[in-house]
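Counting begins at 1 with the first residue of the sequence. The structure displayed is predicted, hence computed values, not measured ones.
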Amino acid sequence: MLRERNHLEEVIGNYLKLEQGYKDSIGLIELGEAEGDSTIVAEAEAELGRIAGKLRRLELESLLSGEADANDCFIEIHPGAGGTESQDWASILLRMYMRWAEKNGFKVELVDELAGEEAGIKSATIKVSGHNAYGWAKTESGVHRLVRISPFDSNARRHTSFASVWVYPVIDDTIKVDINEKDLQIDTMRSGGAGGQHVNKTESAVRITHMPSGIVVKCQAGRSQHKNKAEAMSMLRARLYEQELRAREEKANALNATKTDNAWGHQIRSYVLHPYQMVKDLRTDVETSDTQGVLDGDLGEFMSAALADRVKGKTEMLEK
């Protein structure tokens, strides 16, 4: 109740700030025009543009009404075939999502990471905490394609790499997921990566395999095996719940003969760094030449377009 109250106060407060900013900007434009000061008019018009962008984000957030949209989420990244090149691309995506989370006021925690032999990562999972974290990030699930001159190729040839991203919500106490303990295989191991004597001497990392579904989760972020097991169980519940959500969505799509924007297991975005600079979302056709900005976490335009497209698709299905 307290969390919901704080969220509503924040939403109303943000709207009131934008409303006041709009009035102030209009007042400045009128003042600038009266005094013939084009500089003041230009600054106020630029501020109106920023206010409009913030309003569009608030409008989209108001549409995040899914069962788990308001929840925290896990973002899981795996490289495709291609060895070191793909593993390096996976590490770039990991950094991109961590930067995106930080820029948008979310708390981000590295839950699990398996480093590659030469560079990059073989897999990684982060937890993004904050209101509507899952609602915003859920459209990022899919395959991401990179085209660039490989830094690992002595002949400086162009390479194409793939990595998959999987986003699923953190399950809170309001959502119940039943798991039979007999269906679980729990293994412990030493944590990987950099660490001190604790990492080297204790088997604190936990891997849980859910036998009926084949889902495997792993956590090594905490120093305590008990804490890692609890986090891994949270990840497993989230994966099972997300699997159910996906099954429902696929069933609805089959009944309505439509295809969702979130094409599971298919390419959703292309990042081209050579011979030209371009990032393009293949679902919404949104594109930008600011590749460095995108890789630094500026994903708002892509997420907003994908979310609006998904909401539009659901609205059309309801109308039918």
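Residues Glu242 and Lys138 fail the side-chain proximity criterion, which asks for heavy atoms closer than 4.5 Å. The shortest distance between side-chain heavy atoms of Val128 and Met98 does not fall below 4.5 Å. A 4.5 Å side-chain heavy-atom check between Val170 and Tyr134 finds every atom pair outside the cut-off. Side-chain atoms of Val41 and Glu45, non-hydrogen and from C-beta on, do get closer than 4.5 Å to each other. Taking the side chain as every heavy atom from C-beta outward, His210 and Leu184 approach each other to under 4.5 Å. For the pair Leu58 and Leu18, the minimum side-chain heavy-atom distance is below 4.5 Å. Residues Arg239 and Phe74 form no side-chain contact, since every pair of their non-hydrogen atoms from C-beta on lies 4.5 Å or further apart. Within the 4.5 Å cutoff, the side chain of Leu282 has no heavy atoms near those of the Ile268 side chain.
More than 12 non-hydrogen atoms from other residues, nucleotides or ligands lie less than 6.0 angstrom from CZ of Phe162. Few gaps surround NZ on Lys103; more than 12 heavy atoms of other groups in view lie less than 6.0 Å from it. The 12-atom threshold is exceeded at CZ of Phe152, counting heavy atoms of other residues, nucleotides or ligands nearer than 6.0 Å. At most 12 non-hydrogen atoms from other residues, nucleotides or ligands lie less than 6.0 angstrom from CZ of Arg158. The 12-atom threshold is not exceeded at CD of Glu118, counting heavy atoms of other residues, nucleotides or ligands nearer than 6.0 Å.
One distance of note links CD1 of Ile215 with CZ of Arg237; it measures 13.0 Å at 0.5 Å rounding. Expressed to the nearest 0.5 Å, how far CD1 of Ile149 lies from NE2 of His159 amounts to 8.0 Å. Atom OG1 of residue Thr288 and atom CD of residue Gln277 lie 10.5 Å apart, to the nearest 0.5 angstrom. From Ser123, atom OG reaches atom CG of Leu114 across 4.5 Å, with rounding to the nearest 0.5 Å. Here CD of Glu287 is found 9.5 Å from CD of Glu301. Values are rounded to the nearest 0.5 Å. Distance NZ/Lys218 to CE/Met235: 10.5 Å, rounded to 0.5 Å.
For Ser86 against Gly80, the heavy-atom pair with the smallest separation is CB-O, 3.4 Å. Counting all heavy atoms, side chain and backbone alike, Ala133 lies closest to Asp72 at CB-CA, 4.0 Å. When all heavy atoms of Lys229 and Val206 are compared, the pair lying nearest together is N-CG2, 3.9 Å. When all heavy atoms of Ser270 and Gln267 are compared, the closest pair comes out as CB-NE2, 4.0 Å. Across Glu113 and Ile121, no two heavy atoms sit closer than the pair OE2-CG2, 3.2 Å. When all heavy atoms of Ala44 and Leu28 are compared, the closest pair comes out as CB-CB, 3.9 Å.
Under a 3.5 Å cut-off, the side chain of Ser141 and the backbone N or O of Val167 do form a donor-acceptor pair. Although no hydrogens or angles enter the test, the distance criterion places no donor-acceptor pair under 3.5 Å between the side chain of Asp183 and the main chain of Pro212. Ser91 contributes a side-chain N or O that, together with a main-chain N or O of Asp88, makes up a donor-acceptor pair within less than 3.5 Å. Side-chain atoms of Arg269 do not come within 3.5 Å of backbone N or O of Phe302 as any donor-acceptor pair.
In the model, Glu85 has a side-chain atom that pairs as donor or acceptor with a side-chain atom of Ser150 under 3.5 Å.
Follow the hydrophobic side-chain contacts under 4.5 Å out from Met278 and you never reach Leu93; the two are in separate clusters. In terms of hydrophobic clustering, with Ile, Leu, Val, Met, Phe, Trp and Tyr side chains grouped at heavy-atom distances under 4.5 Å, Val165 and Val217 are assigned to a common cluster. If you chain together hydrophobic residues whose side chains sit under 4.5 Å apart, Val147 and Tyr276 fall into the same group. Grouping the Ile, Leu, Val, Met, Phe, Trp and Tyr side chains by contacts below 4.5 angstrom, directly or via other members, places Leu295 with Leu94. Transitive grouping of hydrophobic side chains (ILVMFWY, heavy atoms separated by less than 4.5 Å) brings Val108 and Leu110 into a common cluster.
The pair Asp298-Arg99 does not meet the salt-bridge criterion, since no charged nitrogen lies less than 4.0 angstrom from a carboxylate oxygen. Contact check on Glu231 versus Lys227 returns no salt bridge, with no Lys/Arg side-chain nitrogen under 4.0 Å from an Asp/Glu carboxylate oxygen.
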Please walk me through it: do Glu47 and Arg50 pass side-chain contact (heavy atoms from CB on, under 4.5 Å)?
CA-CA 5 Å; Glu47 180 60 24; Arg50 288 189 286 271; 2.8 Å; yes
Decide side-chain contact (heavy atoms from CB on, under 4.5 Å) for Met211 and Lys182; before the verdict, give the C-alpha distance in whole Å, the side-chain angles of both, and the deciding distance to 0.1 Å.
CA-CA 9 Å; Met211 306 304 288; Lys182 296 179 180 178; over 6 Å; no
Using the side-chain contact (heavy atoms from CB on, under 4.5 Å) rule, take Trp136 and Leu299 through it: C-alpha gap first, then chi angles, then the decisive distance, then the call.
CA-CA 10 Å; Trp136 280 108; Leu299 298 170; over 6 Å; no
Candidate pair Ile26 and Leu48, rule side-chain contact (heavy atoms from CB on, under 4.5 Å), full reasoning
CA-CA 8 Å; Ile26 294 297; Leu48 282 175; 4.2 Å; yes
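Ring-centre distance between Phe106 and Trp100: below the 6.0 Å cut-off.
In this pair, Trp89 and Tyr271 present their aromatic rings perpendicular. The plane angle is above 60°, beyond the 30 to 60° band. Taking the six-membered ring where the residue is Trp, His144 and Tyr97 present perpendicular rings, their angle passing 60° and hence far from 30°.
Just one residue in the list Ile208, Thr209, Asp187, Leu236 forms a side-chain contact (heavy atoms from CB on, under 4.5 Å) with Val216, and that residue is Thr209.
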